[in-house]
There are 2 protein chains.
Amino acid sequence: MKNKPDEEANEEPARKRRGSGRATIHDVARLAGVGSITVSRYLKKNGYVSAELGERIDAAVAQLNYVPNLVAGGLASSRGKVVGMVVPNISGPIFASTIQSFNDTLNRHGYQVLLASSYFSAEQEENAVRAFLGWSPAALVVTGRFHTKGTEAMLAGAGIPVVETWDYHPRRKPIQVGYSNHEVGAQAARHLLSKGYKRIAFVQNSVAGDLSAIDRRDGYAAVLEEHGLEPWTYAPTEAAPFDAGRQALEALTRGRRKADAIVFANDNLAAGALLASQRAGLQVPQRCALMGFGDYAFSSLLLPSLTTIRPPGREIGEIAAQRILQALGELPDDGKPARLNLLGCELVEREST
Amino acid sequence: MKNKPDEEANEEPARKRRGSGRATIHDVARLAGVGSITVSRYLKKNGYVSAELGERIDAAVAQLNYVPNLVAGGLASSRGKVVGMVVPNISGPIFASTIQSFNDTLNRHGYQVLLASSYFSAEQEENAVRAFLGWSPAALVVTGRFHTKGTEAMLAGAGIPVVETWDYHPRRKPIQVGYSNHEVGAQAARHLLSKGYKRIAFVQNSVAGDLSAIDRRDGYAAVLEEHGLEPWTYAPTEAAPFDAGRQALEALTRGRRKADAIVFANDNLAAGALLASQRAGLQVPQRCALMGFGDYAFSSLLLPSLTTIRPPGREIGEIAAQRILQALGELPDDGKPARLNLLGCELVEREST
DNA sequence: TTGTAGGCGTTATCAA
DNA sequence: TTGATAACGCCTACAA
């Protein structure tokens with residue numbers, strides 16, 4: 001009904017009917033005495049705007065405390081400044097550093113990261129990717145190479161850069177940033193062989209769906225076979241990692257055939273075994289050497305400290321972000337291969353081997 | 001130039017000049033033979049849409065693989081389905097579980113979380129909040145109560161729910177979800193007093209800017225004074241936590257006056273001290289008891305295992321998300337106090353005390 | 001219960 | 001170098 005007498009003479013910007021109430025690019029343009037498109041051009045530093053207008057715009061922005069509305073910008077350009085990232089989980093010891101470095105690197109360039117956790121479920125991953133698509137993301141990041149058909153279709157059809165992290169598979173289409181789990185398993189086996197161990201077992205992850213551990217086992221098995229030794233895999237039935245580690249240790253050291261070294265799918269399992277060995281009075285590494293994977297925060301603090309393999313978590317996040325920024329033209333090409341980024345894992349030798 | 005002959009007779013939807021190419025609500029409406037506003041109403045399940053039209057819309061959505069454009073929706077309603085969260089860091093052992101539960105809870109209700117890390121810097125926090133504002137967030141979450149003037153002004157002026165997490169201060173305006181660091185310090189002191197320790201020292205955090213540790217020290221000091229004992233605070237100069245812990249242990253056990261129990265600002269410092277004590281042959285807890293704060297993943301694995309206080313990280317994230325959803329009308333009021341959410345910390349008694 | 005008109009704040013396009 | 005105009009895709013207000 002708007003029956004208020006008009007107050008157009010007010011100094012305040014005219015009340016909008018719906019908006020958020022914040023200053024818009026038009027307010028800035030009016031105050032600076034230029035067209036709004038000139039403000040837009042100046043603020044994104046593309047196109048040409050004279051120094052004089054630039055100063056007037058700067059002053060208006062400061063006076064109005066103007067913050068560009070990125071939602072509107074994303075809609076207009078159909079290319080939002082967001083990047084979606086799906087990880088198995090956020091709080092675990094594994095992916096946290098990747099998330100951190102990925103987020104920080106993209107934030108620095110004005111991009112926001114949308115996060116979702118899949119909990120190792122391909123269906124949850126698909127839901128997350130679908131949700132991300134609603135944000136018109138500039139790029140998408142997923143973990144590993146195992147996706148549902150629906151996810152694959154969405155990733156392929158999105159027409160934006162897609163990065164697969166952690167698990168490196170050069171023959172896949174998306175940008176790869178990761179390391180070879182097969183090689184990690186081989187690294188572990190070679191390390192133990194070089195220390196003279198002969199009866200080397202591998203303990204699977206108790207968490208179903210951790211397919212990367214299977215690749216590590218295959219790498220371990222390949223090296224053992226090269227050396228004429230028979231691979232020996234144990235799959236725990238206990239669900240909790242520490243319990244599974246204890247179970248595996250008992251099974252592999254108390255039977256008729258005794259392992260003299262055990263490679264665990266991750267440091268959690270290895271820690272469970274290490275604690276169990278102390279309680280049982282089994283000397284590590286004299287009676288049986290143990291090693292893990294992941295180099296979790298506690299691994300150097302155990303007694304004996306745990307030999308493990310450190311995956312390049314921070315580097316993965318940073319390089320993934322860089323490759324995305326390059327693909328989006330936000331960062332100059334550095335001449336390195338853009339699609340295939342194979343990183344190495346560091347074997348951290350400590351007391352348990 | 002577009003000199004191609006027109007191909008308007010094609011069955012494909014007409015090529016748009018700018019759009020993302022994905023199906024829009026209008027495509028769905030056309031296919032279902034309804035108005036686009038009806039599709040909108042049906043999909044958000046408010047307003048009334050007949051069952052028959054609903055089915056036709058469902059079919060069209062499935063056929064076109066339609067994903068609503070949340071950017072456009074956010075712009076139109078000036079109320080985006082995003083929530084911004086600033087934490088000191090993402091990958092540390094402290095905030096990861098809060099981020100995880102916060103993110104998961106909001107994701108489940110169709111909201112996306114934008115993350116930024118402040119690294120304990122109020123200026124970086126201000127930058128993050130300003131960046132978030134560009135997304136017209138539905139709510140904002142910050143950590144602690146120490147902000148710049150600019151941040152305070154933005155939070156107050158945003159006109160959206162604001163949550164302060166971790167540090168609980170009932171007299172502040174924003175929604176509070178956290179625990180009392182003062183009480184944590186008191187808890188630690190009471191625990192050690194109850195075990196008979198008398199010369200109890202407190203070791204500050206070596207990281208500047210961790211103001212929560214100062215509150216814990218004050219709580220510790222208050223309890224000691226209540227019992228007629230003099231507080232004794234040590235501030236390490238080493239930057240790395242483990243080194244700082246070792247330094248503190250040496251200073252507090254080798255001087256003329258010897259501590260018989262030490263409260264550390266966090267478990268990292270305590271772990272550094274614990275490892276140093278083993279090397280030095282100092283019996284823990286017989287010669288000196290040690291306790292930390294945080295209950296990090298390694299704390300139960302140390303030898304002796306570390307007594308510590310577990311902050312409710314997961315609960316903080318979940319309750320913060322619930323309060324936000326309630327404030328936004330997405331979740332029914334559960335009758336609990338909406339603004340003040342004081343959670344308790346659990347003292348985890350282990351071998352080191 | 002359904003539809004029409006128009007605005008949300010920005011950027012792409014094209015003209016000056 | 002600058003500006004007018006028309007999208008971008010959806011939602012609010014109001015009408016039928």
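Lettering follows sequence order; numbering is per chain, from 1.
Atom CZ of B/Arg41 is separated from atom P of D/dA15 by 15 Å (rounded to the nearest Å). Atom P of nucleotide C/dT10 and atom CG of A/Leu43 are separated by 9 Å, given to the nearest angstrom. The distance from atom CG of A/Leu133 to atom P of D/dG9 is 14 Å, rounded to the nearest whole Å. The separation between A/Ile25 atom CD1 and C/dG7 atom P is 19 Å, rounded to whole Å. Put simply, CG on A/Asp27 is 9 Å from P on C/dG9, counting in whole angstrom units. When the C1' atom of C/dT2 is taken as reference, atom CD of B/Glu52 falls 13 Å away, rounded to whole Å. Atom CG of B/Leu70 is separated from atom P of D/dG9 by 13 Å (rounded to the nearest Å). Atom CG in B/Leu53 sits roughly 8 Å away from atom C1' in C/dT2 (whole-Å rounding).
With respect to the salt-bridge test (charged N to carboxylate O, under 4.0 angstrom), the residues B/Lys81 and B/Glu330 qualify. Ion pair A/Glu152/A/Arg172 flagged as a salt bridge, since at least one NZ, NE, NH1 or NH2 atom sits closer than 4.0 Å to an Asp/Glu carboxylate oxygen. Salt bridge status for A/Asp334 with A/Arg323: present, with a side-chain N to carboxylate O gap under 4.0 Å.
We find the OG1-OH distance between A/Thr24 and A/Tyr66 to be 7.0 Å, quoted to the nearest 0.5 Å.
When distances are taken from the side chain of A/Ala76 to each of C/dT1, D/dC10, D/dC8, the shortest belongs to D/dC8. Checking D/dC10, C/dT10, D/dG3 against every side-chain atom of B/Tyr66, the shortest atom distance belongs to D/dC10. The side chain of A/Val49 lies closest to D/dT2 when the candidates are D/dC10, D/dT2, C/dG9. With C/dT13, D/dC10, D/dC8 as the candidates, the nucleotide lying closest to the side chain of A/Leu75 is D/dC8. Among the nucleotides D/dA4, D/dG9, C/dT10, the one closest to any side-chain atom of A/Pro68 is C/dT10.
An OP1 or OP2 oxygen of C/dT11 is reached within less than 4.0 angstrom by a side-chain nitrogen or oxygen of A/Ser40. Distances shorter than 4.0 Å separate none of the side-chain N or O atoms of B/Tyr42 from OP1 or OP2 on C/dG3.
Nearer to the 5' terminus of DNA chain C, by closest-nucleotide assignment, is the contact made by B/Thr38 (compared with the other of B/Thr38 and A/Val67). Residues B/Ser50 and B/Ala72 each lie close to DNA chain C; by heavy-atom proximity, the contact nearer the 5' end of the strand is made by B/Ser50.
A/Lys44 forms no cation-pi arrangement with A/Tyr42, by the criterion of a distance under 6.0 Å to the ring centre and an angle within 45° of the ring axis.
No contact: B/Val71 has no heavy atom under 4.0 Å from any strand.
With hydrogens and angles ignored, no donor-acceptor pair under 3.5 angstrom links the side chain of B/Arg22 to the base of D/dG9.
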